[in-house]
Amino acid sequence: MYRLSNNFYKQDALTVAQKLLGKILVRCWEDSTVTRYLITETEAYLGEEDLACHASKGRTKRTEIMYSEGGHVYVYLIYGMYWMLNVVTGIVDNPQAVLIRGIDKIVGSGKVGRELKMDKSFYGENMEDSDRIWIEDAPDSTSFKTAPRVGIDYAGDEWKDKPWRFILDNTH
DNA sequence: TGCACGATCTCG
DNA sequence: GAGATCGTGCAT
């Protein structure tokens with residue numbers, strides 16, 4: 001079991017979103033205890049032309065990190081109370097990210113952020129060398145389902161219906 | 001400087 | 001079905 005490097009995250013967001021299923025999200029707390037979570041659900045957001053992606057609004061202070069190399073953490077506050085955990089993917093100047101929607105029995109991006117005690121300080125954290133949060137490798141999952149992404153009706157028919165949500169199939 | 005809204009969840 | 005709750009982007 002070893003930590004995924006930035007090389008892994010440099011792949012396309014659709015590829016990373018699929019491959020992250022079944023991998024291990026590791027959270028090291030302030031008291032040095034460590035909790036490991038199985039990643040069960042992800043969503044891919046694909047660049048400026050993807051109207052559901054925050055980067056579709058262009059390069060701003062908030063989306064800046066998405067323009068960096070894959071492997072950085074992108075967190076943001078939604079509805080004034082939930083921190084969404086995303087991983088930046090792709091190469092420099094190619095703003096893509098993968099939203100972590102589910103870990104272990106915890107399904108729902110808001111609950112994931114709460115469970116992991118995410119906050120603004122995680123913005124821009126590099127998962128390759130962070131001592132608080134990273135992802136460890138596991139065999140690629142071959143059994144998963146796809147579905148449309150959640151909560152993006154504003155993006156228009158072309159984008160809101162894309163099956164870019166990936167759900168680990170746990171019926172062995 | 002102000003305002004409307006959102007990659008959500010919980011409760012009733 | 002509505003409220004909680006606040007940073008962001010865009011209008012003023």
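- When all heavy atoms of Cys28(A) and Val34(A) are compared, the closest pair comes out as SG-CG2, 4.0 Å.
- Within the 4.0 angstrom heavy-atom criterion, only backbone atoms of the sugar-phosphate kind lie near Arg62(A); the bases stay farther away.
- Ala52(A) comes within contact range of at least one nucleobase, with a heavy-atom separation under 4.0 Å.
- dT8(B) atom P lies 11 Å from atom CD of Glu41(A), rounded to whole Å.
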(request) Any chance you could lay out the side-chain hydrogen bond (donor to acceptor under 3.5 Å, both in side chains) test for Tyr2(A) and Asp137(A), step after step, and finish with the verdict? (result) CA-CA 6 Å; Tyr2(A) 62 94; Asp137(A) 201 11; 3.0 Å; yes
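- Secondary-structure annotation of DNA chain B gives the stems B:1-6 with C:6-11, B:8-11 with C:1-4, with a stem taken as at least 3 successive Watson-Crick or G-U pairs whose two distances both fall under 3.5 Å.
- Judged purely by atom type and a 3.5 angstrom limit, Tyr123(A) uses its side chain to pair as donor or acceptor with the backbone of Ile65(A).
- If you check distances only, the side chain of Tyr76(A) does reach the base of dA7(B) with a donor-acceptor pair under 3.5 Å.
- Residue Met66(A) contributes atom CE, which lies 11 Å from atom P of dA7(B) at whole-angstrom precision.
- For the pair Arg101(A) CZ and dC9(B) C1', the computed distance is 12 Å after rounding to whole Å.
- Contact check on Arg149(A) versus Glu43(A) returns no salt bridge, with no Lys/Arg side-chain nitrogen under 4.0 Å from an Asp/Glu carboxylate oxygen.
- Here Met84(A) lies in heavy-atom contact (under 4.0 Å) with sugar-phosphate atoms only.
- Partner of Thr42(A) under the side-chain contact (heavy atoms from CB on, under 4.5 Å) criterion, out of Val16(A), Leu168(A), Leu20(A): Leu20(A) alone.
- Within residues 105-120 of chain A, the residues having any heavy atom under 4.0 Å from DNA chain B are, by residue number, Gly108(A), Ser109(A), Gly110(A), Lys111(A), Arg114(A).
- Under a cut-off of 6.0 angstrom, the local environment of CD in Glu49(A) is crowded, with over 12 non-hydrogen atoms contributed by other residues, nucleotides or ligands.
- Between dC5(B) and dT12(C), the distance separating the two P atoms is 14 Å to the nearest Å.
- For the pair Leu77(A) and Lys57(A), both in contact range of DNA chain C, the more 5′-proximal nearest nucleotide belongs to Leu77(A).
- Spacing of P atoms, dT5(C) relative to dG12(B), comes out at 15 Å, to the nearest Å.
- Distances shorter than 4.0 Å separate none of the side-chain N or O atoms of Tyr79(A) from OP1 or OP2 on dA7(B).
- Within 4.0 Å (heavy atoms only), Leu99(A) reaches at least one base atom of the nucleic acid.
- Connection of Tyr82(A) to Leu77(A) is established within a shared hydrophobic cluster, with ILVMFWY side chains joined at heavy-atom distances below 4.5 Å, either directly or through further cluster members.
- What separates OH of Tyr154(A) from C1' of dT8(C) is a distance of 13 Å, to the nearest Å.
- Between the NE2 atom of His54(A) and the C1' atom of dG7(C) there is a distance of 12 Å, rounded to whole Å.
- With Arg59(A) contributing its side chain and Asp93(A) its backbone, the two residues share no donor-acceptor pair below 3.5 Å.
- The CE atom of Met81(A) sits 4 Å away from the C1' atom of dA4(C) (whole-angstrom rounding).
- A donor-acceptor contact closer than 3.5 angstrom links the side chains of Glu48(A) and Tyr67(A).
- Residue ring and base: Tyr45(A) counts as stacked with dA7(B) (centre distance below 5.5 Å, interplanar angle below 30°).
- The separation of dA7(B) from dC10(C), taken at their P atoms, amounts to 13 Å, rounded to a whole angstrom.
- If you measure from atom CD1 of Ile65(A) to atom P of dA7(B), you get 19 Å, rounded to the nearest angstrom.
- Using modelled atom types and a 3.5 Å distance limit, the side chains of Ser5(A) and Asn7(A) yield no donor-acceptor pair.
- A straight line from CD1 of Ile100(A) to P of dT8(B) spans 14 Å, rounded to a whole angstrom.
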